[in-house]
Amino acid sequence: RKMIRRISTGVRALDELLGGGVETRAVTEVVGEFGSGKTQLCHQLAVMVQLPEDRGGLGAKAIYIDTENTFRPERIMQIAKARGLDPDQALHNIFYARAYSSDHQMILVDQAKSIIKQHNVALLVVDSVIAHFRSEFPGRENLAERQQKLNKHVADLLRLADAYDVAVVITNQVMAQPDVFFGNPLRPAGGNILAHGATYRLWLRKSKENIRIAKIFDSPYHPEGEVSFRITEEGLVD
Ligand code: ADP
Ligand code: MG
């Protein structure tokens, strides 16, 4: 494998699970049901990437593609403050774009390349990768077309990650459906959109109150264990 870099999640247990944090040159798919903390993790990473390397970051900027209008500047500022960063500067270091359709989302990924060429960007977030595709291609009859488009989108993201040494983090909301393949009660809404490629899947699920459980699936080189973390005012913590 080529040289990769890692961005700490800010949660020691989660970093250990990930082998040090989310990787550049890879797509990390964060999967979980509503409220499991996918968007909170994306916010946290957009801050963590800005920290110097000795504090788990890459001293770099982030691009945040928001498809569900769940990006909250105040939340970024809150997390940045808790990490000792200037909140306004932290927000300024995130290139934010709202995607209004799946086509727009794909165009934004293409445009992200020119931002990456001009700025020190080490993280690209797409939260959620699946929402537009699911609403524009509903039902079984559109599944093949949706999957084809989604495959192209994910292939674009993988290429971008590798070509520019960027960590790509995408989120995928799961449906409460039985999954006969993995014996897991939850199944990613996009199916196995990341079955191929240099990538892995982080599953989040709710536990009591603000506690969340994380697990990694489909990775040849990550441990199979589970870890827990909490979502607080300061962001995600052990
Ligand atoms: P998902 O994107 O997986 O649907 P989110 O990342 O939006 O889920 O997580 C929502 C959870 O994060 C909620 O349980 C909420 O209580 C918690 N949360 C959001 N903001 C804060 C905050 N400022 N302080 C504490 N918890 C928060
Ligand atoms: Mg969300």
Side-chain angles (χ1 to χ4, degrees), residues 7-11 13-15 17-18 21-22 27-49 62-85 87-88 90-91 94 96-102 105 108 123-135 150 153 157 167-177 184-190 193-194 200-217 226-238:
I7 304 163
S8 168
T9 62
V11 180
L14 208 46
D15 282 352
L17 187 70
L18 290 164
V22 296
V27 174
T28 303
E29 181 187 4
V30 182
V31 180
E33 60 193 310
F34 180 77
S36 59
K38 302 182 295 297
T39 297
Q40 293 300 309
L41 176 58
C42 292
H43 280 66
Q44 176 121 339
L45 286 168
V47 172
M48 292 302 299
V49 69
I63 298 174
Y64 202 109
I65 300 176
D66 180 14
T67 76
E68 297 180 307
N69 204 17
T70 52
F71 180 78
R72 296 289 173 270
E74 322 81 66
R75 190 61 174 138
I76 293 293
M77 294 170 86
Q78 218 172 23
I79 296 169
K81 195 163 172 243
R83 297 280 164 181
L85 291 173
D88 291 308
L91 196 55
I94 300 170
Y96 172 83
R98 175 89 201 276
Y100 292 97
S101 68
S102 64
Q105 185 175 328
L108 287 171
L123 172 71
L124 171 71
V125 169
V126 185
D127 180 28
S128 108
V129 79
I130 191 86
H132 286 311
F133 289 88
R134 199 161 53 188
S135 66
L150 198 50
H153 185 44
L157 289 166
V168 172
V169 174
I170 64 179
T171 68
N172 183 0
Q173 191 170 319
V174 292
M175 327 263 270
Q177 276 178 320
N184 192 291
L186 300 171
R187 182 170 74 182
I193 60 173
L194 296 182
Y200 51 92
R201 179 182 285 161
L202 179 69
W203 287 74
L204 302 183
R205 69 170 199 272
K206 290 189 241 184
S207 182
K208 268 183 262 171
E209 290 152 12
N210 64 344
I211 299 170
R212 300 291 184 274
I213 313 287
K215 188 171 167 55
I216 291 184
F217 274 77
E226 284 189 350
V227 302
S228 70
F229 62 90
R230 289 174 299 128
I231 308 177
T232 70
E233 283 295 307
E234 284 73 39
L236 274 56
V237 297
D238 279 279

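Every number for a ligand or one of its atoms is a count from 1 in the order of the listing.
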For ligand 1, which atoms have a heavy atom of [X] less than 4.0 angstrom away?
X	result
G37	1 (P), 3 (O), 5 (P), 6 (O), 8 (O), 9 (O)
E33	3 (O)
T232	24 (N), 25 (C)
Q78	23 (N)
R212	11 (C), 13 (C), 14 (O)
F34	4 (O)

_T39 N/O/S atom closer than 2.8 Å to the Mg ion (ligand 2)_ = yes
*asked:* Side chain or backbone, does G35 bring an N or O within less than 3.5 Å of an N or O on ligand 1?
replied: yes
*Do E226 and R205 meet the salt-bridge criterion of a basic N to acidic O distance under 4.0 Å?*
yes
*Check whether any heavy atom of R72 sits under 4.0 Å from an atom of ligand 1.*
no
*asked:* I'd like to know whether ligand 1 has E234 as a neighbour, heavy-atom separation below 4.0 Å.
replied: no
*Nearest protein heavy atom to atom 27 (C) of ligand 1, by residue and atom, and its distance?*
I231 CG2, 3.8 Å
*For the residue pair H43 and F71, categorise the inter-ring angle as parallel (less than 30°), tilted (30 to 60°) or perpendicular (more than 60°).*
parallel
